Participant: 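Supplied in structure tokens, the structure appears directly below.
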Amino acid sequence: MSDRIVFEKNGKTITLAEHSGFCYGVKTALQKTLKTVEEYEGTGRRVYTFGPIIHNDDVVNDLNMRGVQICSAPGSTEKDAAVIIRSHGVPASVEAALRDSCGQLIDATCPHVKKIHRLADDAYHEGRTIVVIGDAGHPEVQGIDGWCGNEAVIFSDPAEIERPKNLARLNRAEEILAVAQTTLNRNVWDACTEALLRRYPRAQLRCTICSATSSRQTACRRVAEISDAMVVIGGRNSSNTTRLAEVCALTCPRTFHIESVDELEATAFAGCRRIGVTAGASTPENQIASVEAFLKTL
Ligand code: SF4
């Protein structure tokens with residue numbers, strides 16, 4: 001796979017960046033959900049996802065039409081229901097509570113995230129202090145925190161190390177292990193770990209940015225560098241899509257982060273000869289195709 005020229009005519013080129021669209025973790029979570037829906041059809045038992053299965057309203061609405069509901073707390077479903085944990089994963093305590101409160105628990109946590117849970121769990125039980133470089137409000141980071149006693153030091157800006165609360169925790173630490181939110185921008189990891197090592201030179205680093213994220217960011221940067229305009233498709237609440245838009249905007253100021261083709265205006269592309277397209281890990285093929293079709297008409 002590589003960047004793909006989807007249109008080339010009269011000096012106008014539209015290029016789709018490599019690795020656009022569903023990643024392995026999202027694809028697998030959706031497959032597990034659809035398989036469960038089929039298995040439960042006609043049984044009278046319900047299927048829930050713990051939170052929206054992916055950051056995409058169309059996909060979530062389609063699943064809802066097929067009877068899949070969203071729950072947000074363990075114990076809020078029927079006792080015989082199936083509950084699917086999405087690719088972001090959940091804290092250990094939530095996993096245990098879900099297991100106890102529903103008929104069948106299907107764990108669709110992405111293996112990349114699961115690996116971080118294990119690292120955090122092991123380090124916590126060995127008495128190490130865990131630093132998560134990422135967004136403290138993101139469910140994936142909250143899930144990781146929950147595998148280390150909700151005691152992780154979390155930040156995504158190097159200056160945040162200096163917060164009294166963080167310094168108090170880190171100064172007490174015998175050993176420090178730093179991991180990354182899987183969708184983190186590599187530059188943020190570099191800046192934060194540099195600041196961490198300056199203060200705590202013996203801190204151990206495990207860069208757990210997932211390869212799907214880093215490859216996608218590299219590809220969109222490559223396409224943005226040669227484009228007059230970039231279209232980034234994906235939910236505004238999707239962390240990996242937001243990172244893509246940030247990366248593109250660094251070299252291509254005319255970057256548009258959209259959730260659907262309806263948000264695009266032809267006038268915004270006036271004078272653009274080379275247009276690039278990329279899409280977040282939760283963006284389905286059909287949404288990418290509609291954007292390509294719109295851009296071809298310009
Ligand atoms: Fe897994 Fe990476 Fe996709 Fe996240 S972006 S679900 S970590 S493959």
Side-chain angles (χ1 to χ4, degrees), residues 1 16-36 49-60 63 70 84-91 94-95 106-121 130 132-147 152 154 156 178-189 205-221 232-248 257 259 278-285 287-288:
M1 205 176 155
L16 179 67
E18 190 177 16
H19 306 295
S20 296
F22 283 171
C23 63
Y24 166 80
V26 165
K27 251 186 232 163
T28 308
L30 274 175
Q31 280 163 358
K32 286 188 178 182
T33 307
L34 292 171
K35 186 165 170 273
T36 311
T49 59
F50 192 70
I53 189 77
I54 63 171
H55 292 299
N56 187 281
D57 289 345
D58 286 355
V59 174
V60 170
L63 286 171
I70 296 172
I84 299 157
I85 296 177
R86 58 190 174 170
S87 53
H88 293 324
V90 293
V94 172
E95 186 183 311
I106 293 137
D107 189 358
T109 307
C110 177
H112 291 292
V113 178
K114 213 63 213 160
K115 189 177 85 183
I116 308 176
H117 289 177
R118 281 194 295 271
L119 280 173
D121 191 32
I130 292 101
V132 184
I133 312 289
D135 171 4
H138 193 279
E140 178 194 314
V141 174
Q142 291 167 346
I144 297 167
D145 193 19
W147 285 84
I154 306 168
S156 57
V179 297
Q181 182 179 352
T182 56
T183 50
L184 192 73
N185 182 323
R186 178 73 207 209
N187 294 339
V188 174
W189 166 261
L205 309 182
R206 287 292 295 266
C207 181
T208 47
I209 298 174
C210 111
S211 54
T213 302
S214 46
S215 320
R216 198 180 303 259
Q217 289 176 2
T218 304
C220 81
R221 187 178 299 117
V232 182
I233 318 160
R236 291 203 174 75
N237 57 351
S238 153
S239 165
N240 79 87
T241 313
T242 306
R243 293 295 87 74
L244 291 180
E246 288 167 4
V247 168
C248 291
H257 178 175
E259 293 194 340
T278 186
S282 308
T283 307
E285 277 285 316
Q287 289 187 348
I288 301 174

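Nothing here was measured: the structure is a model prediction, and the numbers come from that model. Because only heavy atoms are used, hydrogens play no part in the values below, and waters and symmetry mates are left out as well, while side chains stay in. Just so you know, ligand 1 is whichever comes first in the structure, and atom 1 is the first atom listed for that ligand.
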Participant: Looking only at protein heavy atoms, which one is nearest to atom 1 (Fe) of ligand 1, and what is the separation?
Facilitator: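 The closest one turns out to be C110 SG, 2.3 Å.
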Participant: Calculate, to the nearest 0.5 Å, the distance between atoms OG1 and CD1 belonging to T33 and I53 respectively.
Facilitator: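 Interatomic distance, T33 OG1 to I53 CD1, rounded to 0.5 Å: 3.5 Å.
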Participant: At less than 4.0 angstrom from any non-hydrogen atom of H112, what atoms of ligand 1 do you find?
Facilitator: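 Once the distances to H112 are compared, the set is 1 (Fe), 7 (S), 8 (S).
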Participant: What distance separates S282 OG from D57 CG, expressed to the nearest 0.5 Å?
Facilitator: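 Between S282 OG and D57 CG, I get 11.0 Å after rounding to 0.5 Å.
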Participant: At less than 4.0 angstrom from any non-hydrogen atom of T213, what atoms of ligand 1 do you find?
Facilitator: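 Matching atoms, with element in brackets: 5 (S).
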Participant: Tell me: protein heavy atom nearest atom 4 (Fe) of ligand 1, and distance?
Facilitator: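 Heavy-atom neighbour on the protein nearest atom 4 (Fe) of ligand 1: T182 OG1, 3.9 Å.
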Participant: Taking everything shown except R236 itself, do over 12 heavy atoms lie less than 6.0 Å from its CZ?
Facilitator: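 Counting neighbours around CZ of R236, more than 12 heavy atoms of other residues, nucleotides or ligands fall under 6.0 Å, so yes.
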Participant: Working to the nearest 0.5 Å, report the span between NE2 of H19 and CD of Q217.
Facilitator: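 Atom-to-atom, H19:NE2 and Q217:CD are 11.5 Å apart.
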Participant: Any N/O/S atom of C23 sitting less than 2.8 Å from atom 1 (Fe) of ligand 1, backbone or side chain?
Facilitator: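 Short answer: no, not a single N, O or S atom is under the cut-off.
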Participant: Students often mix this up, so state it plainly: with edges at 30° and 60°, are the rings of H88 and H55 parallel, tilted or perpendicular?
Facilitator: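 Rings of H88 and H55: tilted, as their planes differ by 30° to 60°.
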Participant: Atom 2 (Fe) of ligand 1: which protein heavy atom is closest, and how many Å away?
Facilitator: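 Its nearest protein heavy-atom neighbour is C210 SG, 2.3 Å.
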